[in-house]
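Being a predicted model, the structure only gives us computed values, none of them experimental. Sequence lines set the chain letters: A, B, ... in the order given, protein chains first and strands last, and positions in each chain run from 1.
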There are 2 protein chains.
Amino acid sequence: MNIKEVAKRAKVSTATVSRTINDSQKVKPGTAARVRKAIEELNFYPNTHARTLVSGRSRMLGLIISDITNPFFPELVKSFEDQAVQRGQEVIIGNTDYSPKRMSGCIRRMVERKVDGVAIMTSEADAALVTELTRRNIPTVFMDTGTNSAHSANIRIDYAQGIHEAMDHLFSLNHRHIAFITGPMNLESARIRRAAFLSGLKYHGLSERALIENGDHRIEGGAIAMGNLLALPHPPTAVITSNDLTAIGALGAIHQAGLKVPDDFSLIGFDDISFAHLTQPPLTTVILSRTQLAVTAFAALEALIRKEEGPHDDYIIPTHLVLRGSTRAI
Amino acid sequence: MNIKEVAKRAKVSTATVSRTINDSQKVKPGTAARVRKAIEELNFYPNTHARTLVSGRSRMLGLIISDITNPFFPELVKSFEDQAVQRGQEVIIGNTDYSPKRMSGCIRRMVERKVDGVAIMTSEADAALVTELTRRNIPTVFMDTGTNSAHSANIRIDYAQGIHEAMDHLFSLNHRHIAFITGPMNLESARIRRAAFLSGLKYHGLSERALIENGDHRIEGGAIAMGNLLALPHPPTAVITSNDLTAIGALGAIHQAGLKVPDDFSLIGFDDISFAHLTQPPLTTVILSRTQLAVTAFAALEALIRKEEGPHDDYIIPTHLVLRGSTRAI
DNA sequence: CTGTTAGCGCTTTCAT
DNA sequence: ATGAAAGCGCTAACAG
């Protein structure tokens with residue numbers, strides 16, 4: 001079942017069938033209709049691999065993420081795929097599992113499959129591994145890392161805004177002794193959040209009371225860090241965490257200690273993963289819209305693929321505080 | 001950059017390069033080494049589309065799921081992809097969003113991309129839509145629906161086992177008034193769970209006290225159903241739900257009413273989504289291993305693709321109760 | 001063991 | 001507006 005059979009049935013050449021499939025203007029409506037009828041009758045689907053081979057465009061996009069089971073990613077993946085499918089593009093996904101080795105494997109797969117572009121949405125991207133892409137001039141979009149160039153774009157996330165909103169909120173609730181639980185310090189994005197906390201403290205004239213514990217962006221780390229905070233002679237009255245998983249761990253530690261949120265502690269997370277509003281109490285947190293991120297990344301990638309030249313706008317994703325039940329005034 | 005340039009550089013024919021790439025035995029080690037060196041130096045990656053075109057095999061698999069943001073799926077997707085990547089296969093994912101129309105779109109994409117096989121892991125599969133696959137003799141694996149044939153296999157999930165284990169557990173805890181909150185009754189898998197509850201009741205001689213509320217496999221439905229149960233003159237002492245989301249909704253309703261789990265109610269979920277152990281208290285639930293499901297589906301698909309004839313074994317995934325903190329004796 | 005060559009199904013000049 | 005024909009990069013006979 002191929003274009004030849006369609007051509008035979010419609011009594012035209014394969015070129016005309018091809019033109020019809022590709023909506024070329026130069027086909028007489030009557031002829032096109034005959035071709036379409038034949039396609040319908042034969043249940044013909046064009047072979048994308050043959051098309052790719054000759055056109056050089058695969059209509060496939062790569063999407064590299066850290067781990068689909070990390071609740072940050074599914075929504076991102078879904079929105080990105082929706083965009084792609086709407087435009088007739090396919091998405092192939094790469095899970096790096098936070099490993100540089102697997103990352104380079106992902107990139108290799110993308111190159112082999114001749115993707116038209118790739119979005120690297122991991123927080124731990126390693127610039128060195130991406131040379132394979134740049135060398136081949138494959139359009140690439142990064143999150144948080146990398147720079148804008150002819151074949152790549154960087155989506156910046158404004159972590160600071162959300163953190164500052166969280167601190168303003170806590171400040172207005174009379175909290176003056178606020179702690180921060182970080183993510184892993186080898187992550188650029190975790191360092192940015194930590195820095196935003198520090199600058200917020202400064203803004204409110206609280207710099208001398210900086211209270212920081214290290215977490216790992218996982219539940220366990222949050223629980224341990226919170227334990228340390230609770231053991232302090234003067235524990236903080238409020239805690240901001242580098243992500244929601246950390247906050248969930250902290251919440252557990254607080255409960256474990258027989259204390260309550262928000263009565264004894266105010267707690268604010270970051271990310272707004274889907275489970276954040278299901279905790280007891282529902283977690284006040286900072287939203288980073290994965291949909292917005294996906295839509296922006298896709299648009300940036302498309303622009304790159306279409307080689308839209310000129311200094312494109314900076315892509316930047318805002319973050320915002322969303323109030324739920326885990327904070328209260330003292 | 002293609003096989004020709006590699007051939008030129010290694011001073012062999014393209015056929016020899018192809019043989020080397022494909023680990024054909026008929027290449028003299030020395031020649032193979034020279035070819036590999038050239039590949040390395042030129043940074044050559046074979047074009048998969050050309051390979052597909054000539055070999056007829058795309059080394060791509062389709063995986064159709066309902067919705068990647070439904071916590072049931074990410075783990076399934078990850079395990080399936082892991083298997084595939086290990087064997088040099090790519091996975092393209094289709095989200096049906098529970099819509100037959102989108103399902104048929106997914107299938108069309110799979111056919112166009114010439115996938116070697118497809119795993120349909122939605123619970124709401126519509127047999128009619130799949131004819132496109134069967135007509136083209138594309139190996140297909142289903143979950144819960146469909147039958148075993150030359151080009152398709154069915155993975156059965158033993159929902160009843162887990163439900164019965166849950167009921168035995170509750171019975172041993174002296175619960176005699178047990179309710180069940182169902183999923184949407186148009187889902188075969190939800191009907192099976194409901195039937196398992198009924199048969200369990202019968203087994204324990206409790207048939208005359210069947211107490212069933214309808215849910216929708218979402219949080220809201222669970223909350224509403226639990227509200228109805230709480231409003232009863234004689235509320236049950238324990239509740240089993242058709243999935244974890246329903247249990248989380250029920251948990252919220254119980255808390256809302258000022259009651260506690262497991263003190264006032266015992267609660268058991270189903271699925272063991274990743275958040276199930278993060279609730280307060282951690283949810284006792286029935287595990288359906290997504291990893292096992294993915295591994296089995298992948299193996300079944302591979303067997304089909306290799307055309308391993310003969311009446312293959314029935315594929316069946318067990319389910320088991322996992323004890324956590326939401327049940328207690330009365 | 002290695003080379004030559006005919007396609008795989010499609011798009012795209014170049015003619016007509 | 002349509003057709004003929006030359007490849008896209010690779011694999012798989014078939015020859016040697």
Side-chain angles (χ1 to χ4, degrees), chain A residues 1-39 42-60 88 90 108-116 136 138, chain B residues 1-39 42-60 88 90 108 111-116 136 138:
Chain A
M1 169 54 50
N2 56 26
I3 206 175
K4 235 173 174 167
E5 296 203 26
V6 176
K8 198 186 301 174
R9 187 172 185 101
K11 298 189 195 310
V12 293
S13 71
T14 60
T16 299
V17 176
S18 174
R19 287 186 192 110
T20 307
I21 291 169
N22 294 294
D23 290 321
S24 160
Q25 304 312 315
K26 314 176 187 175
V27 183
K28 203 200 290 183
T31 317
R34 227 166 58 241
V35 173
R36 266 189 267 279
K37 184 155 161 283
I39 288 174
L42 292 173
N43 230 286
F44 165 77
Y45 288 28
N47 181 325
T48 53
H49 302 282
R51 298 178 100 166
T52 296
L53 193 54
V54 48
S55 72
R57 298 183 49 242
S58 65
R59 300 196 73 76
M60 294 203 300
E90 206 61 53
R108 184 188 177 105
R109 282 162 49 208
M110 303 297 162
V111 174
E112 283 184 348
R113 298 281 172 183
K114 293 261 179 296
V115 294
D116 294 338
R136 289 163 203 268
I138 297 175
Chain B
M1 169 55 47
N2 54 28
I3 207 175
K4 235 173 176 167
E5 296 202 26
V6 175
K8 200 187 300 174
R9 186 175 186 101
K11 297 190 197 307
V12 295
S13 71
T14 60
T16 299
V17 177
S18 175
R19 287 185 192 108
T20 307
I21 291 170
N22 294 295
D23 290 321
S24 162
Q25 305 310 317
K26 315 175 186 175
V27 184
K28 202 198 292 183
T31 315
R34 228 168 55 243
V35 172
R36 268 190 268 278
K37 183 154 161 285
I39 287 174
L42 293 172
N43 229 285
F44 166 78
Y45 289 27
N47 181 326
T48 52
H49 301 282
R51 298 177 101 166
T52 296
L53 193 55
V54 48
S55 72
R57 297 182 51 243
S58 65
R59 302 195 75 75
M60 295 202 299
E90 205 61 53
R108 185 190 175 105
V111 174
E112 284 183 348
R113 298 280 172 183
K114 294 262 179 295
V115 294
D116 293 338
R136 290 163 202 269
I138 297 176

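- Among the atoms of the strands shown, none is found under 4.0 Å from any heavy atom of A:Thr52.
- Along DNA chain C, the nucleotide nearest A:Phe44 and the nucleotide nearest B:Ser13 are compared for position; the residue whose nucleotide lies closer to the 5' end is B:Ser13.
- Regarding A:Arg59, its CZ atom lies at a distance of 15 Å from the C1' atom of C:dC10, rounded to whole Å.
- Smallest separation of non-hydrogen atoms from B:Thr14 and B:Ile3: O-CD1, 3.8 Å.
- Summarising the geometry, the separation between CG on A:Leu42 and P on C:dG9 is reported as 14 Å, rounded to the nearest angstrom.
- Residue A:Val17 is out of contact with every strand shown, counting any heavy-atom pair closer than 4.0 Å.
- Checking the phosphate oxygens (OP1, OP2) of C:dG3, a side-chain nitrogen or oxygen of B:Thr16 falls inside 4.0 Å.
- Between B:Lys114 atom NZ and C:dG9 atom C1' there is a gap of 9 Å when expressed in whole angstrom units.
- Atom CG of A:Asn22 is separated from atom C1' of C:dT12 by 10 Å (rounded to the nearest Å).
- Although no hydrogens or angles enter the test, the distance criterion places no donor-acceptor pair under 3.5 Å between the side chain of B:His49 and the main chain of A:Ala50.
- One interatomic measurement links the two molecules: CG of B:Leu53 to P of C:dC8, which rounds to 9 Å at whole-angstrom precision.
- A salt bridge links B:Arg108 with B:Glu112: the closest approach of a Lys/Arg side-chain nitrogen to an acidic carboxylate oxygen falls below 4.0 angstrom.
- Nearer the 5' end of DNA chain D, as judged by each residue's closest nucleotide, is the contact made by A:Thr14, out of A:Thr14 and B:Ile21.
- Each of A:Thr48 and B:Ala32 was matched to the nucleotide of DNA chain C holding its nearest heavy atom; the match closer to the 5' end belongs to B:Ala32.
- For the pair A:Arg34/A:Thr20, no side-chain contact is recorded, criterion being any heavy-atom separation below 4.5 Å from C-beta on.
- The outermost nucleotides of DNA chain D lying under 4.0 Å from heavy atoms of chain A, listed 5' to 3', are D:dA1 to D:dG9.
- Between A:Ala38 and A:Ala10, the shortest heavy-atom contact is CB-CB, 4.0 Å.
- Going from atom CZ of B:Arg19 over to atom C1' of C:dT4 covers 10 Å, rounded to whole Å.
- Here C:dG3 presents its P atom at 10 Å from NZ of B:Lys28, a figure rounded to the nearest Å.
- Heavy atoms only, all atoms of each residue included: A:Arg59 and A:Gly88 are closest at NE-O, 3.4 Å.
- Spacing between atom NZ of B:Lys8 and atom C1' of C:dG3 amounts to 17 Å, rounded to whole angstrom units.
- A pairwise comparison of heavy atoms in A:Val6 and A:Phe44 identifies CG2-CG, 3.6 Å as the closest pair.
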